[in-house]
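Residues: numbered from 1 along the sequence shown.
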Amino acid sequence: MFSDQTMTATQKILVVDDEAELVQLYRLVLESVGYDVHGAYDGKQALRIAHEEQPNLILLDVMMPGMDGIEVCRHMRDNGFDKQSCKIIMYTADDSHETRQSSITAGADELVSKTTPIYDLASKIKSYLTRAH
């Protein structure tokens, strides 16, 4: 366990969701396994924090008021957040083919359903970050 925490201690994750309770839940779980987790509650705040913190991975809600997750993802990919330096996992209650296609076209590495158990999502995040390093 100690080696896992050492490996992930410097890896940053940005969790973006307009539902503050979900941001706090994901933050709690991901920090408990050693990640440095930051939260954002809308698209503009996500862009600002991403540029300040340079996360290794962004967990990004698709459906948010104002600037949605797909627009945020596209903006990040167009402005220096390449797939090597920053993985983007979109998550949504709407995992339709159209949403999946729009997310991948915008530059997301993957789209997962919000029904995915949080510990399964944490394992997926660990897998992405392990492959990236």
Side-chain angles (χ1 to χ4, degrees):
M1 174 131 159
F2 179 76
S3 62
D4 269 354
Q5 287 188 341
T6 302
M7 180 183 72
T8 61
T10 59
Q11 294 178 319
K12 294 180 184 179
I13 297 174
L14 174 59
V15 178
V16 185
D17 197 308
D18 58 310
E19 294 182 50
E21 299 81 16
L22 283 179
V23 173
Q24 294 308 317
L25 176 63
Y26 288 126
R27 174 181 247 160
L28 183 68
V29 169
L30 295 169
E31 284 178 345
S32 76
V33 294
Y35 295 107
D36 180 9
V37 183
H38 300 268
Y41 306 103
D42 62 46
K44 288 183 181 184
Q45 185 181 36
L47 294 173
R48 182 181 54 75
I49 293 172
H51 285 286
E52 290 171 2
E53 297 297 333
Q54 297 295 307
N56 303 96
L57 185 139
I58 300 169
L59 183 59
L60 182 58
D61 183 19
V62 172
M63 296 185 294
M64 295 186 294
M67 183 184 292
D68 69 20
I70 293 170
E71 188 178 347
V72 172
C73 181
R74 186 176 300 111
H75 189 279
M76 288 182 176
R77 290 299 190 217
D78 290 345
N79 290 284
F81 288 86
D82 62 65
K83 286 189 172 216
Q84 288 298 101
S85 64
C86 182
K87 301 296 181 190
I88 299 176
I89 298 177
M90 309 288 287
Y91 70 109
T92 185
D94 172 20
D95 58 356
S96 68
H97 176 73
E98 293 80 20
T99 300
R100 181 170 301 282
Q101 193 62 37
S102 295
S103 297
I104 299 303
T105 300
D109 293 282
E110 186 169 350
L111 179 118
V112 297
S113 172
K114 277 193 174 181
T115 61
T116 301
I118 192 164
Y119 288 99
D120 290 351
L121 185 57
S123 293
K124 187 177 293 280
I125 287 169
K126 180 180 178 183
S127 173
Y128 266 103
L129 291 175
T130 301
R131 284 184 294 198
H133 287 60

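Inter-residue side-chain proximity for V15 and V37 is flagged as met; some heavy-atom pair is nearer than 4.5 Å. Counting heavy atoms from C-beta outward, M90 and I88 have side chains that approach closer than 4.5 Å. Counting heavy atoms from C-beta on, the side chains of Q101 and E98 never come closer than 4.5 Å. Inter-residue side-chain proximity for Y35 and L57 is flagged as unmet; no heavy-atom pair is nearer than 4.5 Å. In this structure, I89 and L60 have side chains that are not in contact, with every pair of non-hydrogen atoms separated by 4.5 Å or more.
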*asked:* Run V72 and V16 through side chain to side chain contact (heavy atoms under 4.5 Å, CB included) and show every step you take.
replied: CA-CA 10 Å; V72 172; V16 185; 5.9 Å; no
*Passes side chain to side chain contact (heavy atoms under 4.5 Å, CB included), V112 versus K124? Steps please.*
CA-CA 10 Å; V112 297; K124 187 177 293 280; 3.7 Å; yes
*Tell me, with the steps shown, if L111 and T99 meet side chain to side chain contact (heavy atoms under 4.5 Å, CB included).*
CA-CA 9 Å; L111 179 118; T99 300; 4.0 Å; yes
*Worked check of side chain to side chain contact (heavy atoms under 4.5 Å, CB included) between E19 and K114*: CA-CA 12 Å; E19 294 182 50; K114 277 193 174 181; 3.8 Å; yes
*Take R74 and D68 through the test salt bridge (Lys or Arg N to Asp or Glu O under 4.0 Å) and record every step on the way to the result.*
CA-CA 10 Å; R74 186 176 300 111; D68 69 20; over 6 Å; no
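Once rounded to the nearest 0.5 Å, the distance linking CZ of R77 with SG of C73 reads 5.5 Å. Here the CG atom belonging to L47 is positioned 9.0 Å from the CG atom belonging to D42, to the nearest 0.5 angstrom. Taken to the nearest 0.5 Å, the CG atom of L14 stands 8.5 Å off from the CD atom of Q45. Note that CG of D120 and OG of S113 are 11.5 Å apart. Values are rounded to the nearest 0.5 Å. The SG atom of C86 sits 3.5 Å away from atom CD1 of I58, with the distance rounded to the nearest 0.5 Å. The CG atom of D61 sits 13.5 Å away from atom OH of Y41, with the distance rounded to the nearest 0.5 Å.
Nearest heavy-atom pair, A50 versus M76, reported as atom, atom and distance to 0.1 Å: CB-CE, 3.6 Å. The heavy-atom pair separating V23 from A40 by the smallest distance is CG2-O, 3.8 Å. Shortest non-hydrogen contact noted between M64 and G43 is CE-N, 4.1 Å. Minimum heavy-atom separation, D18 to M63: OD1-O, 3.5 Å.
Hydrophobic clustering (side-chain heavy atoms under 4.5 Å, transitive across Ile, Leu, Val, Met, Phe, Trp, Tyr) keeps L59 apart from I49. In the hydrophobic cluster analysis, where Ile, Leu, Val, Met, Phe, Trp and Tyr join through side-chain heavy atoms closer than 4.5 angstrom, Y91 is grouped together with V29. Under a hydrophobic clustering in which Ile, Leu, Val, Met, Phe, Trp and Tyr are joined whenever their side-chain heavy atoms come within less than 4.5 Å, directly or via other members, L22 and V62 fall into different clusters.
Taking the side-chain contact (heavy atoms from CB on, under 4.5 Å) definition, one finds that S102 meets it with I70, sequence neighbours left out. Applying the side-chain contact (heavy atoms from CB on, under 4.5 Å) test to L28 and every residue at least two apart in sequence or in another chain returns nothing.
Within 6.0 Å of NZ in K83 there are more than 12 heavy atoms belonging to other residues, nucleotides or ligands.
If you look at H75 and F81, their ring centroids are not closer than 6.0 Å.
Checking D94 against T92 by side-chain atom types alone, no donor-acceptor pair falls below 3.5 Å. Counting only N and O atoms by type, the side chains of E110 and Y128 include a donor and acceptor under 3.5 Å apart. For Y26 and D17, the side-chain atoms include no donor-acceptor pair closer than 3.5 Å.
Not a single donor-acceptor pair under 3.5 Å links the side chain of K12 to the backbone N or O of H38.
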